[in-house]
Amino acid sequence: MTDASGYVMRNAAFKQLTPSQQQAVSQIDGPLLVIAGPGSGKTRVITYRIAALIEAGVKPYNICAITFTNKAAEEMRQRSEALGASSGIHISTFHSLCVRILRQYADSANIKSGFSIFDTKDQSKCVRQAVKDCGLDTSNFAPARMLNAISALKNNLEDVDSFKATADDFFTKSLSLVYSRYQDILSKNDAVDFDDLLMKTAFLLRDNPDICAALGERFKYLLVDEYQDTNQAQYRIANSIASAHSNIFVTGDPDQSIYRWRGADIRNILVFEEDWPDAKVVKLEENFRSTPNILGVADKLIATNRRRKLKKLIPTRPQGKDVVVNVFNDEAEEAHEIAKQIEKLVAEGVSLRDVAVCYRVNSMSRIVEEALIKNKIAYQIVRGVEFYGRKEIRDMLAYLKVLANPSDEVSLLRIINTPTRGIGKTTITRVQQYSAASNISFFEGLGKAQQIDSLAKAAKSKIAVFFNMMEQLKTGLDGKVASLAERVFVESGLKKSFQIVGAKTQDDSVLENVGELINAAAKYDQQTDQPSLVDYLQQISLFSDVDVYDPSTERVALMTLHAAKGLEFENVFIPGLEEGILPHERCGTDEDEIEEERRLLFVGITRAKSGLYISYAKYRTIRGQLLHTIPSPFLYELGLNFSESVQENQYCYDDIDVDNDINDNEQPTQPFFRDQLVRHRKFGLGRVKGFEDMGGNSIVTVKFNTGQTRELMVKYAGLSIESGQAK
DNA sequence: CATAGCCGCCTTTTT
DNA sequence: GGCGGCTATG
């Protein structure tokens with residue numbers, strides 16, 4: 001094998017790599033950890049490495065590369081194709097890989113191979129039902145909260161039984177009931193959620209050494225990108241597959257770990273050397289992307305974090321423009337000035353495709369959009385309104401899902417009366433009762449509707465029409481998806497109903513979107529060897545708009561900081577450096593979470609090649625409330641002489657007391673001051689709006705994020721003061 | 001049974 | 001400020 005890699009050594013392109021990059025490329029067998037900083041040419045290293053493997057005689061078929069996003073997978077495919085080394089290599093996300101494995105070993109995994117994959121909205125429906133079924137109140141046990149908790153359990157490989165055993169207080173006991181019921185509902189639907197894909201695969205590999213060995217045989221070389229973002233389930237899956245041969249190659253950067261909230265465990269990368277004692281470790285510390293100005297700022301910021309592997313950012317580019325920090329009055333002005341600055345850049349010859357605006361939360365996109373529209377600047381939102389989240393698309397897909405998997409009751413309930421065909425709640429309940437009593441699925445119940453005595457004659461005939469239509473559509477299942485989708489569109493009556501609405505509102509975007517869906521299906525039919533409806537639906541469930549970003553168009557890119565990972569731009573704007581936004585208020589005082597927010601900003605900063613514009617607004621309207629903001633503590637950590645660097649904007653109005661209901665000159669001895677962030681056990685996060693000093697009976701007025709303003713007795717309120725404020 | 005309008009909950013980030 | 005779910009009304 002060394003001979004073959006020697007061939008790579010002689011390759012001219014290979015010689016252009018730095019010594020550490022060469023190291024990372026040329027090791028063929030055994031475990032290898034590459035700690036790769038931002039802009040270190042990591043993607044290049046991975047593709048070269050794939051080429052080196054193939055030149056060393058490894059069959060493409062035996063190579064499996066895992067990424068976190070479909071977009072990263074697509075890019076890797078293209079890049080390895082450019083090296084003439086793509087066909088046969090398995091390149092996909094963890095989730096896609098799991099779908100494949102689960103379908104192949106459906107019996108051992110105890111699921112049907114035609115399983116539906118439920119997205120977040122489907123999950124909410126199910127968990128809400130589960131909470132109700134358990135006799136719990138959906139306001140005390142908010143479905144979203146339950147779902148988050150269940151998701152966290154699954155990512156940590158806690159199944160229903162193991163969690164039940166450890167649940168000891170009221171909340172965890174209730175949660176375990178809901179979890180159990182939720183899983184029952186999913187299984188009744190022959191459905192899995194995103195987390196199940198991982199958990200079920202991890203358990204499948206744990207419990208079936210033969211399957212594990214077979215996969216190790218199939219995937220003799222395993223590459224995992226962004227290893228710092230693996231959660232427990234993904235970590236186990238990767239380790240299981242590689243256990244037989246130890247050919248596991250992972251790359252990552254602990255400083256860019258930003259998915260803790262979905263179970264990513266930074267420890268996975270930190271303990272790699274313990275897991276694989278003969279692992280080689282290569283650090284890629286040179287940065288080929290950003291100017292020293294930008295890297296200096298990034299380095300200062302991240303140095304504040306304690307939980308990390310020490311790593312340098314070594315600049316290779318010449319000194320560039322200063323990093324700009326701006327302060328604005330409010331978010332509208334901030335957005336407007338960003339637009340103006342973009343205009344300036346364009347005047348200097350910068351292309352719009354070299355500009356990105358990266359914000360903490362999606363909701364911040366709108367104000368930026370408005371400003372860009374006003375200034376006639378073209379933009380594209382990377383993952384705005386998700387295509388597959390649109391109502392019309394979900395309706396169409398629900399029909400297809402029911403055709404592929406009649407047990408999918410969630411989808412069936414969505415479409416049974418969409419468009420309206422006179423099948424109402426009462427009818428549905430009666431069929432459901434009948435189906436439950438006769439131990440058949442809801443869809444089968446519809447087929448037997450004529451035998452259900454409680455149903456009215458009219459209801460029976462309406463059901464018959466619907467049921468026959470679905471049966472009729474099923475006869476067209478020949479693998480090709482596009483033609484079927486077209487038929488569904490027409491025969492379901494959706495087309496007609498959308499046309500009516502479209503004519504009324506003068507808006508045919510709905511029809512266009514369905515057209516786009518059918519086009520996409522046609523593309524799938526064309527590009528896939530053995531197209532099938534089940535395969536199509538399972539794939540599509542793992543896609544979102546993230547993958548639609550088109551770097552070739554002449555537009556400014558708008559995206560969240562999370563979505564920005566892996567991308568680079570000549571110029572990057574990061575607005576909203578404010579307490580509560582970045583770091584986000586949800587992370588509270590938890591130091592680990594604050595560190596993650598810091599990494600998030602680090603990721604944002606290191607996207608910029610030469611121009612970096614950071615800003616915050618003194619006032620910002622959040623959920624309809626005008627709030628006086630506090631600058632983000634991160635601003636002080638950037639190593640810029642902050643007070644001097646901030647160019648006070650000429651339009652700045654002075655700190656006017658907006659509500660005018662309290663004297664600003666409070667005595668420092670008072671325990672509470674205006675705009676202080678406080679947390680209440682029940683009402684959550686809020687801001688102090690007033691304080692009446694009455695000794696032991698002092699009253700504090702707090703405006704909570706729920707929108708309520710409350711007067712609380714200090715001695716009873718039990719308010720805790722949120723730390724992390726401006727120093 | 002269908003629809004309009006109201007109420008409450010919600011939003012961090014993604015597969 | 002927006003969506004989804006629930007309720008009152010036709």
Side-chain angles (χ1 to χ4, degrees), chain A residues 66-73 92-99 117-121 123-125 128-129 132 138-140 142-145 147-148 151 154-155 192-199 226 229-231 233-234 257-264 358-367 382-383 385-386 388-389 391 417-429 456 458-459 462 538-547 559-565 576 580-588 593 596-597 599-601 603-604 621-625 684 705-708:
Chain A
I66 302 177
T67 59
F68 269 77
T69 62
N70 291 301
K71 192 181 63 193
S92 79
T93 61
F94 262 109
H95 287 82
S96 295
L97 176 68
C98 290
V99 166
I117 300 171
F118 278 2
D119 64 15
T120 319
K121 281 182 181 167
Q123 289 181 61
S124 303
K125 282 229 165 79
R128 167 169 253 118
Q129 186 60 49
K132 282 183 186 165
T138 47
S139 56
N140 284 336
R145 190 168 153 225
L147 212 48
N148 275 337
S151 172
K154 289 183 177 178
N155 288 329
V192 299
D193 62 20
F194 291 131
D195 306 310
D196 277 335
L197 288 172
L198 302 176
M199 183 173 77
E226 310 283 13
D229 285 332
T230 49
N231 60 34
Q234 291 161 327
S257 161
I258 53 175
Y259 287 105
R260 204 179 104 96
W261 51 273
R262 68 171 191 206
C358 306
Y359 33 76
R360 177 64 180 86
V361 289
N362 276 310
S363 60
M364 286 171 71
S365 74
R366 213 165 42 119
I367 190 77
V382 181
R383 191 194 175 92
V385 184
E386 290 166 62
Y388 295 107
K391 209 176 285 153
N417 204 28
T418 308
T420 54
R421 47 174 74 91
I423 303 178
K425 212 164 121 188
T426 326
T427 308
I428 290 170
T429 314
K462 282 168 185 164
Q538 288 178 348
Q539 280 196 32
I540 216 176
S541 305
L542 301 177
F543 262 77
S544 66
D545 257 7
V546 154
D547 319 296
M559 70 194 87
T560 62
L561 288 164
H562 283 89
K565 187 149 96 158
I581 293 184
L582 189 61
H584 195 270
E585 60 175 74
R586 283 282 279 252
C587 53
E593 293 196 36
E596 171 134 328
E597 296 286 309
R599 290 193 291 268
L600 195 51
L601 179 57
V603 167
T621 306
I622 295 169
R623 283 190 280 268
Q625 268 187 87
N705 276 6
T706 56
Q708 297 163 305

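Order of the sequence lines fixes the chain letters, A, B, ..., with proteins taken first and strands second; residue numbering starts at 1 for each chain.
Per the geometry, CG belonging to A:Leu147 stands 15 Å off C1' belonging to B:dC9, to the nearest Å. A:Asn148 places its CG atom 8 Å from the P atom of B:dT11, with the value rounded to the nearest Å. Straight-line distance from the CG atom of A:Leu561 to the C1' atom of B:dT11: 16 Å, rounded to whole Å. For A:Glu226 and B:dT14, the CD to C1' distance is 13 Å, given to the nearest whole Å. Atom CH2 in A:Trp261 sits about 6 Å away from atom P in B:dT14, given to the nearest Å. At whole-Å resolution of the value, CZ in A:Arg260 and P in B:dT14 are 18 Å apart. In this structure, CD of A:Gln538 is placed 15 Å from C1' of B:dT15, rounded to the nearest angstrom. The interatomic distance linking A:His562 (NE2) with B:dT15 (C1') rounds to 13 Å, in whole Å.
Contacts of A:Thr621 with the nucleic acid, taken as non-hydrogen atoms under 4.0 Å apart, are absent. Contacts of A:Asn417 with the nucleic acid, taken as non-hydrogen atoms under 4.0 Å apart, involve only primed sugar atoms and P, OP1 or OP2. Within 4.0 Å of A:Phe94, counting heavy atoms only, lies no atom of the nucleic acid at all. Residue contacts for A:Lys462: at a heavy-atom cut-off of 4.0 Å it reaches no nucleic acid atom on any strand shown.
Interatomic distance, CZ of A:Phe94 versus CD of A:Gln234, reported as 5.0 Å (0.5 Å rounding). If you take CD1 on A:Ile117 and CD on A:Gln538, they are separated by 5.0 Å, rounding to the nearest 0.5 Å. Atom CG of A:Leu198 sits about 9.5 Å away from atom OG of A:Ser151, to the nearest 0.5 Å.
A 4.5 Å side-chain heavy-atom check between A:Ser96 and A:Asn70 finds at least one atom pair inside the cut-off.
Of all nucleotides listed (B:dT11, B:dT14, B:dC10), B:dC10 comes nearest to the side chain of A:Ala142. In the set B:dA2, B:dT13, B:dT15, B:dT15 carries the atom at the smallest distance from any side-chain atom of A:Phe194. In the set C:dG1, B:dT11, B:dT3, B:dT3 carries the atom at the smallest distance from any side-chain atom of A:Thr420. For A:Arg128, the listed nucleotide lying nearest its side chain is C:dG5; candidates were C:dG5, B:dT13, B:dT15. When each of C:dC6, B:dA2, B:dT14 is scored by its nearest atom to the side-chain atoms of A:Lys132, the top-ranked nucleotide is C:dC6. Listed nucleotides B:dC1, B:dT13, B:dT14 differ in distance to A:Thr427; the shortest reach to its side chain belongs to B:dC1. Distances were taken from every side-chain heavy atom of A:His95 (C-beta onward) to each of B:dT14, B:dT15, B:dA2; the shortest belongs to B:dT15. The nucleotide whose nearest atom lies closest to any side-chain atom of A:Lys125 is, among B:dT11, C:dG5, B:dT14, C:dG5.
Ring orientation note: the planes of A:Tyr259 and A:His562 are tilted relative to one another, at an angle of 30° to 60°.
When each of A:Gly424 and A:His584 is assigned the nucleotide of DNA chain B bearing its nearest heavy atom, the one mapping closer to the 5' terminus is A:Gly424. When each of A:Lys425 and A:Lys391 is assigned the nucleotide of DNA chain C bearing its nearest heavy atom, the one mapping closer to the 5' terminus is A:Lys391. Taking for each of A:Ala459 and A:Phe68 the nucleotide of DNA chain B with the nearest heavy atom, the 5'-most of the two is the partner of A:Ala459.
On the C1' atoms, B:dT11 is 22 Å away from C:dC6, given to the nearest whole Å. Straight-line distance between the P atoms of C:dG4 and B:dT13: roughly 16 Å, to the nearest whole Å.
An OP1 or OP2 oxygen of C:dG4 is reached within less than 4.0 angstrom by a side-chain nitrogen or oxygen of A:Lys121. The shortest distance between the side-chain N/O atoms of A:Thr69 and the OP1/OP2 oxygens of B:dT14 is not below 4.0 Å. Side-chain N/O atoms of A:Asn70 include none lying less than 4.0 angstrom from OP1 or OP2 on B:dT15. OP1 or OP2 of B:dT13 has at least one side-chain nitrogen or oxygen of A:Asn362 nearer than 4.0 Å. Listed pair A:Thr426 / B:dC1 meets the phosphate criterion, a side-chain N or O lying under 4.0 Å from OP1 or OP2.
Side-chain N or O atoms of A:Asn417 include one that pairs as donor or acceptor with a backbone N or O of A:Ile423 at under 3.5 Å.
Minimum heavy-atom separation, A:Asp229 to A:Ala264: O-CB, 3.4 Å.
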